[in-house]
Amino acid sequence: MKLNDLYKMSIGDALSKMDIVDMKVHTDDDGEIRSLEIKYVPMPPNTPVAPVKAWN
């Protein structure tokens, strides 16, 4: 995915097109999200995307 492609879509659409290998959510003491770290592996073109799992 190119940076321009990422800017043209919602974060939900972008995440659904990525093969995420690690995600860290950083919060403050009150549980408010302060930052996200998302690592993904770029997929070759025309590779099917794995089904999205619910983050519970």
Side-chain angles (χ1 to χ4, degrees):
M1 178 183 315
K2 300 282 186 184
L3 183 58
N4 285 340
D5 298 332
L6 177 66
Y7 285 142
K8 293 177 186 176
M9 61 181 75
S10 71
I11 189 70
D13 289 342
L15 291 175
S16 70
K17 294 175 186 277
M18 295 179 181
D19 191 8
I20 297 172
V21 295
D22 188 30
M23 185 168 105
K24 296 177 184 175
V25 179
H26 302 277
T27 62
D28 63 15
D29 292 339
D30 295 325
E32 292 291 322
I33 296 173
R34 293 297 174 201
S35 65
L36 297 172
E37 289 181 64
I38 300 171
K39 293 183 182 179
Y40 83 102
V41 175
M43 298 182 335
N46 301 321
T47 301
V49 176
V52 176
K53 293 182 183 178
W55 298 91
N56 293 341

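One is the number of the first residue; the rest follow in order along the sequence.
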*Given the rule that I, L, V, M, F, W and Y join up when any side-chain heavy atoms are under 4.5 Å apart, are Ile20 and Ile33 in one cluster?*
yes
*Under a 4.5 Å side-chain heavy-atom rule over Ile, Leu, Val, Met, Phe, Trp and Tyr, are Tyr40 and Tyr7 clustered together?*
yes
Going by atom type alone, with no hydrogens or angles, which donor-acceptor pairs under 3.5 Å involve a side-chain atom of residues 23-31 and a protein atom two or more places apart or on another chain?
unit_1: His26; atom_1: NE2; unit_2: Glu37; atom_2: OE2; d: 2.5
unit_1: Asp28; atom_1: OD1; unit_2: Asp30; atom_2: N; d: 3.0
unit_1: Asp28; atom_1: OD1; unit_2: Gly31; atom_2: N; d: 3.1
unit_1: Asp28; atom_1: OD1; unit_2: Glu32; atom_2: N; d: 2.9
unit_1: Asp28; atom_1: OD2; unit_2: Arg34; atom_2: NE; d: 3.2
unit_1: Asp28; atom_1: OD2; unit_2: Arg34; atom_2: NH2; d: 2.7

*Is there a side-chain contact between Ile38 and Asp22, using heavy atoms and a 4.5 Å cut-off?*
no
*CG of Asp13 to CE of Met18: how many Å apart, nearest 0.5 Å?*
11.0 Å
*Beyond-backbone contact of Lys8 with Leu3, side-chain heavy atoms, under 4.5 angstrom*: no
*To the nearest 0.5 Å, how far apart are CG in Leu36 and CD1 in Ile11?*
8.0 Å
